[in-house]
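The block underneath contains the structure these notes are about, expressed in structure tokens.
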Amino acid sequence: MGTSDAVLAERTGDRFGGFGGRYVPETLVPALDALDAEFDAAMADPTFRAELDFMLREYVGRPTALSTAPRFSALIGAPVWLKREDLNHTGAHKINNTVGQAMLARRMGKRRIIAETGAGQHGVATATICARFGLECVVYMGEEDMRRQALNVFRMKLMGATVVPVTAGTRTLKDATSEAIRDWVTNVNDSHYIIGSVVGPAPYPRMVRDFQRVISREARAQMLERTGRLPKTVVACVGGGSNAMGAFADFVQDTEVELVGVEAAGEGLGTDRHSASLSRGTPGVLHGALSYLLQDESGQVHPAHSISAGLDYPGVGPEHAYLKDSGRAEYVSVTDEEALEGVSVLSRLEGIIPALETAHAVAWIVREKGRWASDEPVLLCVSGRGDKDVTTMAEHLLPTV
Amino acid sequence: MTPITSAPSAIDARFAALRDSGKRALVAYITAGHPDPAGSVALMRGLQEAGVDILEVGVPFSDPLADGPVIQHSSQVAIAQGVNLVRTLELITEAALDIPVVLFSYLNPVMAGGDAILTRAREAGVSGILVTDMPVGSDPVREAWFGASGLDFVRLVAPTTPTERMAEIGRHGGGFVYLISRLGVTGERDSLAADLPETVARLRSATTLPICIGFGISTPEQARAAAALGDGVVVGSALVRAADESVDKAIALARSLRDAMDA
């Protein structure tokens, strides 16, 4: 455990400042208590840690590279370093968390796994580890997202998962999450619910953060080794916020490092079609946690929008709400159009096609060109690769390539 | 958290009267504004007439994660007609019922209602409040707010709840305890859960509050069987589904439930 544990400690437990908590049906309380205790026991167990490290190394392919981005850096006028979560098995950071949680489920004797998915990356990462461990896997996915991400639906099925279409509400991640929770309430005794982001009731936000924390643990050491200093700024996209929490966690103690989370402004913050919960939301309770939420004045949750299915969520992890209110992190937003430009820039200049989610973070750096001196490194978390998004990208970008 | 103690409420008085007459409580759930605002007022009055003892009025919420398809649908129908918490209270006032009303809500709409909302609820004629996603100990500050509102704070107990926690729930609740009869979300089922008698016995040993059993109870036979175990039964989805067809059909179902329980 690193020195940042002391700093993170005030934010562990049920709450991050006033945010987080456990707003769930009574039926789930004992399961959350058990999960909380099991997680702490597992993380304190050298055998569990060793197996987790082994799985991350041998199966996921960690540590992921920290890549220079010479042509992109020349454009920005500052050295940009890429933390390559796109190089993980399954092509995104999501698997860091699913490996850890699937190991926990096995430890608890639960052989059936439930997951929700938006873009499909978390669903794929869950189906993947379930295949590896021989666990039953049921993934809830909004019907609209299944259409947008047909390839990922096939991947999950290929690996033996059952993909259940969700037709309620907006037919996207929000409703898939509600449906997954309903399954868990019904099958809580033999099933474990693997939430894909730093959202949901305690202990999920801190547990998912700690499984994703490997991103910043590696990146911090790699930056020091390669550049002899810490980055001036760490940049990551934020939907629920798991890659960002993973990328921020080990830098929170380094107060000279700026932490910037980039939300999806969709068609613009002035419209009602965006997913910028931190920039435009108000505190509210969704899916078991108190955090910033897009909602109307009577507390109905407002549908989110983003070109990227993975950011299309009206809530956000409670720890991000805390980091925002405490001023430790800054949250900005980028439109669909800017994100598409971000895709083009990184593809053309570096030969890396980023996921649409990641492209939001790329686009913010492009917009902020001139913010950094030529010796101030910027660390960009490349949360995932863009293969899953090529259909959407082609619809918008084909005329320009 | 301070344990809740207060003068006997309308709900307490109703259970005392039921005990005197040797009857069990029929608690009915409806979603405010379903099938439409005027229809839900007619339904509230008709259910009272049919012999319902306590009415739970659901506040429509966009993301009802403890509810099955029937109540989810009713919430969407009500929201589409502009029904929110404030409108729900207006409908309750309009119905002007003699039986106690329990507001049944997710936390978010109540939070959005602001500090004065519980006072407004009382003024509207509400006697109790049940918050589906606020288990005991989850938020002491807001739980104290509910506890001090003058409304009976009706709490839920699940089959998974350990007995010591049942006692804790009883200490921090009022009116009655709503026992969730089985794992899962709201909705009709073919039979009662096998472990229900054992769960009722554990709960009985943990609290003196009346016990009302709900989730999955839809037929007169199930209502009679559940009533024999507890102090009352809660019927929700079956009534809401009947109300999808007509208000009269839901009222007729309530009457048959009452008859079966009193037989």
Side-chain angles (χ1 to χ4, degrees), chain A residues 14-15 18-34 116 166-170 173-191 200-202 282-291 293-303 314-315, chain B residues 59-69 72-73 75-76 78-79 82-88 105-114 117 131-142 155-162 165-166 168-169 177-180 182-187 215:
Chain A
D14 249 16
R15 300 256 165 194
F19 299 104
R22 199 185 263 181
Y23 300 92
V24 293
E26 172 66 24
T27 307
L28 293 179
V29 171
L32 291 167
D33 280 340
E116 84 296 334
V166 176
T167 56
T170 55
L173 179 56
K174 166 178 89 88
D175 305 285
T177 306
S178 295
E179 206 54 36
I181 294 173
R182 291 185 186 110
D183 181 318
W184 200 33
V185 174
T186 310
N187 300 295
V188 63
N189 288 334
D190 68 348
S191 300
T282 50
V285 171
L286 178 67
H287 296 146
L290 175 61
S291 186
L293 181 62
L294 299 178
Q295 57 182 327
D296 70 15
E297 67 290 344
S298 59
Q300 308 296 354
V301 179
H302 194 285
Chain B
V59 178
F61 180 49
S62 53
D63 297 82
L65 55 78
D67 285 301
Q72 286 178 48
H73 173 73
S75 295
Q76 285 170 5
I79 290 169
V83 178
N84 54 21
L85 175 51
V86 170
R87 187 81 184 102
T88 298
S105 186
Y106 290 83
L107 179 57
N108 204 53
V110 184
M111 271 175 62
I117 197 68
V131 184
T132 344
D133 52 355
M134 201 166 66
V136 164
S138 62
D139 188 336
V141 173
R142 286 190 182 81
R155 312 302 293 249
L156 293 153
V157 162
T160 51
T161 307
R165 187 172 162 81
M166 286 177 173
E168 173 86 4
I169 292 169
V177 177
Y178 185 141
L179 173 61
I180 297 169
R182 58 169 65 245
L183 302 183
V185 295
T186 58
F215 275 46

Can you tell me which portion of [X] sits under 4.5 Å from chain A's heavy atoms? Options are side chain, backbone, both or neither.
X: B/V86; value: neither
X: B/R87; value: neither
X: B/P64; value: both

Contact leader toward chain A among [options], where contacts are heavy-atom pairs under 4.5 Å:
options: B/T132, B/N108, B/I169; value: B/N108
options: B/V110, B/V59, B/L65, B/D139; value: B/L65
options: B/L85, B/D133, B/I79, B/V157; value: B/D133

Could you report the tightest heavy-atom contact between [X] and [Y], atom names first, then the distance?
X: A/Q300; Y: B/V83; value: NE2-O, 4.3 Å
X: B/F61; Y: A/V285; value: CZ-O, 4.4 Å
X: A/R22; Y: B/S138; value: O-CB, 3.4 Å
X: B/T160; Y: A/T27; value: OG1-O, 2.8 Å
X: B/D63; Y: A/S178; value: OD2-OG, 4.1 Å

Between the side chain of A/R182 and the main-chain N/O of B/D67, is any donor-acceptor distance below 3.5 Å? yes
State the CE-CG distance between B/M111 and A/L290, to the nearest 0.5 angstrom. 5.0 Å
How long is the gap from OH on A/Y23 to CZ on B/R142, to the nearest 0.5 Å? 5.0 Å
Side chains of A/S298 and B/P109, heavy atoms from C-beta outward: is any pair under 4.5 Å? no
Could you check if a side-chain atom of B/L183 sits within less than 4.5 angstrom of a side-chain atom of A/N189, using non-hydrogen atoms only? yes
Which portion of [X] sits near chain B, non-hydrogen atoms under 4.5 angstrom:
X: A/E297; result: backbone
X: A/D183; result: neither
X: A/H302; result: neither
X: A/V301; result: both
X: A/P25; result: both
X: A/P283; result: backbone

Flag the pair B/R155 and A/E26 as a salt bridge only when some basic side-chain nitrogen lies within less than 4.0 angstrom of an acidic carboxylate oxygen. no
